[in-house]
Amino acid sequence: MVEIRLADGKSVSAQEGESWQELANRLGVPAVAVLVDGELVDIRNPVRSGKDVRLLTLDDDRATEALRHTAAHILAQAVRRLYPGVKLAIGPAISTGFYYDFDFPQSVSREDLAKIEEEMRKIVAEDYPVERVLLPRAEAEELLRQEGETYKLELLSEIPDQEISFYRQGEFIDLCRGPHLPSTGLVKHFKLLDLAGAYWRGDATRVMLTRIYGTAFARAEALEEFLRWREEAKRRDHRRLGPQLDLFSIDNEGIGAGLVLWHPKGARVRHEIERFWKERHFAAGYQLIYTPHLGRANLWQRSGHLDFYREGMYSPMDIEGQEFYIKPMNCPFHISIYKTKTRSYRDLPIRYAELGTVYRYERSGVLHGLLRVRGFTQDDAHIICRPDQVEEEIRGVLKFALEMLRTFGFTEFAAHLSTRPVKYVGQPEDWDRATEALRRALEAEGLPYDVKPGEGAFYGPKIDVDISDSLNRAWQLTTIQFDFNLPERFDMTYVGPDGQPHRPYMIHRALLGSLERFFGILIEHYGGAFPPWLAPVQAVVLPITDAQIPYAQQVAEKLEEAGLRVEAWTRGGRSLGHQIREAQLQKIPYMLICGAREAEAGQVSLRLRTGQDLGPQPLEEAIRRIRGAVESRQTEL
RNA sequence: GCCGGCGUAGCUCAGUUGGCAGAGCGGCGGUUUCGUAAACCGCAGGUCGGAGGUUCGAUCCCUCUCGCCGGCUCCA
């Protein structure tokens, strides 16, 4: 007998060898999968004891993974029917749906997706039961060999088990771990989305397969919502909004891929970001520094970059017989400043901050608007401190980071703590102290985090903070990393109370990541409609007829005197509706409308970007409102 | 880099089964002076991404090249 404790606290007992399906039937639950102590399990599997067992029905979000996995199999089955000779690779469920990788005998394009989807609908209508089949290893191998599934054979060779699980639906059978839904008829709401190349096992030295992406949901509304979400993401794409709002451009042919041109409006946003960033850094005890873009080969030799980071660096240039490299990182320069004199324990902590522009080689195919570029400015800083200061410093940085991100309108965070990998430098005691400091800082801030064991860099443990944007997409921004490598390599020291040299701790951190990437994320988060303090143009003055042009100019001057970024649209000949539409498309937060009545009374009619009409009011009142929103750096108008 | 798709006016896009290159928006000139998301008329604007080839003739077909978009393990 097996004792099973259900989520509602009740316990049930089941026969040894009984399946979850039989148990669910006995309890009258229309379950399609099971969650046993947090692990998704196939409903056909034999029962096992568990402390927290949930029988999942189709509409349970936690069953979605099984639903999508089954959808992937239906895709593979359809492709098999339509393209004899195709070989199957892998087809998992992913966070946004599922995919399946194929080796097609012929080339397949997007236009073929409709045909494949149609075949999938037939398979759903045919409603095959999905059976789990356990085969002895030899038989499994024989089956795959018969089918010519060379990729599956490779996967099989890596499975240690002697009994191999397959899933069968109709004429289709696939090597698969599961779990799956009980039948294909349950996959009602799905759509194929995309087609792309993907290396077998993600390895660029191996063959290129064709990957078909799709998604599936239990409810039609959820699928529709997902498709709407995708459309919205497309609409907010910073690569579309950037040129549209005249924020930036990238001239691949004229200048080079991955190199960003900041137009006046984008540069204004950047300036406001930098201004705020510097103000806060000074307040937090950082010292601002500037360092060059080039450094001699021996610098990069000593830092180890030439040994470990060469593929990310550009070829050296020759200057009077000396090799120079353009910098991929700022650290060696910061360290060089530290080393210009003897440092006392009393001098620490030292916090050097720089908006440092670096250049890194990225393969052409991975470049992506502002999010992945070859030249970018890191909001970099290095904290050099004594062992007894580590904890306070880390807490300070984390708190500082969250404060800054909140000001930019991000409120949802998730952190990751990455610990010591197998290959590492430095002393284990240092690693432990550093890791503990990171952990305690996360707890002090009440930040939810997960631990990624062994995921730290070879030179130190780290915290990464992801934000989630207005479309619920996660972006990694802040990173706080210990470095036990460079202080050693550069022999950084401070003189302790004992008069002896000691090795300081060095913490490397970036809060926003890079200004380019952060700007791209901001554009998408706000859909180009920046909060007033960041908006390149904060207000626009619109004269209703040409007679109000002089008044509009006066109004604009008043706003300028109040320190606001304002445009007066005085070219004339445009209807109010036209001007409003224009201002709306440019996402200018405030529109000050001047007609004859307003000019007469020294008023303006205030319209917000949100479409809200606040009506006529004294000019001073409008200015007060706008200044208030700007100075408080609030996200609302 | 690799696989698939795509490059036509400043922008969004039509189009030609190989025969003088099209619209809307934007720009410019004029008319209109207008109350909360597009007034009206006219004009200019193109090496049809680039190079080579096939052809009487290429934006269209072929080859190469440059660039863009989607993607390149969330392990069966």
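Values below: every heavy atom of this structure, side chains too, minus hydrogens, waters and symmetry copies. Quick note on labels: first sequence line is chain A, next is B, and so on, each numbered from 1.
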Is a donor-acceptor pair below 3.5 Å formed from side chain A:E598 to base B:rG35, judging by atom type as modelled?
yes

Given B:rU33, B:rA37, B:rG35, identify the nucleotide with an atom nearest to the side chain of A:S605.
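Closest of the options to the side chain of A:S605: B:rG35.
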
Would you indicate what [X] reaches in the nucleic acid, counting non-hydrogen atoms under 4.0 angstrom: base, sugar-phosphate, or nothing?
X      : result
A:G577 : sugar-phosphate
A:A596 : base
A:R239 : sugar-phosphate
A:G611 : nothing

Measure from [atom1] on [X] to [atom2] on [N] and round the result to the nearest Å.
X      : N      : atom1 : atom2 : result
A:W569 : B:rA37 : CH2   : P     : 14 Å
A:R571 : B:rA39 : CZ    : P     : 13 Å
A:L585 : B:rC25 : CG    : C1'   : 11 Å
A:H263 : B:rG10 : NE2   : C1'   : 13 Å
A:R581 : B:rA38 : CZ    : C1'   : 5 Å

Distance alone, cut at 3.5 Å: any donor-acceptor contact between the side chains of A:Y167 and A:D42?
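Indeed, the side chains of A:Y167 and A:D42 share at least one donor-acceptor pair under 3.5 Å.
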
Provide the Watson-Crick or G-U wobble partner of B:rC28, both distances under 3.5 Å; none if there is no partner.
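Its partner is B:rG42 (Watson-Crick or G-U wobble, both distances under 3.5 Å).
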
Pairing nucleotide - B:rC72, Watson-Crick or G-U, each distance under 3.5 Å:
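Check on B:rC72: paired to B:rG1, both distances under 3.5 Å.
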
Check this for me: does any side-chain nitrogen of one of [X] and [Y] sit under 4.0 Å from a carboxylate oxygen of the other?
X      : Y      : result
A:R81  : A:E119 : yes
A:R168 : A:E131 : yes
A:R235 : A:E524 : no
A:R625 : A:E621 : no

Measuring to OP1 and OP2 of [N], would you say a side-chain N or O of [X] lies under 4.0 angstrom away?
X      : N      : result
A:H578 : B:rA37 : no
A:S575 : B:rA39 : yes
A:R206 : B:rC3  : no

Should we say atom CD of A:E158 is surrounded by more than 12 heavy atoms from elsewhere, each under 6.0 Å from it?
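Correct, the count exceeds 12.
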
Can you confirm whether A:K558 is buried at NZ, in the sense that more than 12 heavy atoms of other residues, nucleotides or ligands lie under 6.0 Å from that atom?
no

Taking the P atom in each of B:rG4 and B:rC43, what is the distance between them to the nearest angstrom?
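47 Å, rounded to whole Å.
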
Between B:rC60 and B:rG49, how many Å separate the two P atoms, rounded to a whole number?
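Roughly 8 Å separates the two P atoms.
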
Trace of the ring pair (Phe, Tyr, Trp, His ring centres under 6.0 Å) decision for A:F102 with A:Y100:
CA-CA 7 Å; A:F102 302 98; A:Y100 213 110; 5.1 Å; yes

So if I define the base as every atom that isn't primed, P, OP1 or OP2, how would nucleotides 71-76 of chain B read as a B/S/- string at a heavy-atom cutoff under 4.0 Å?
BBBBBB

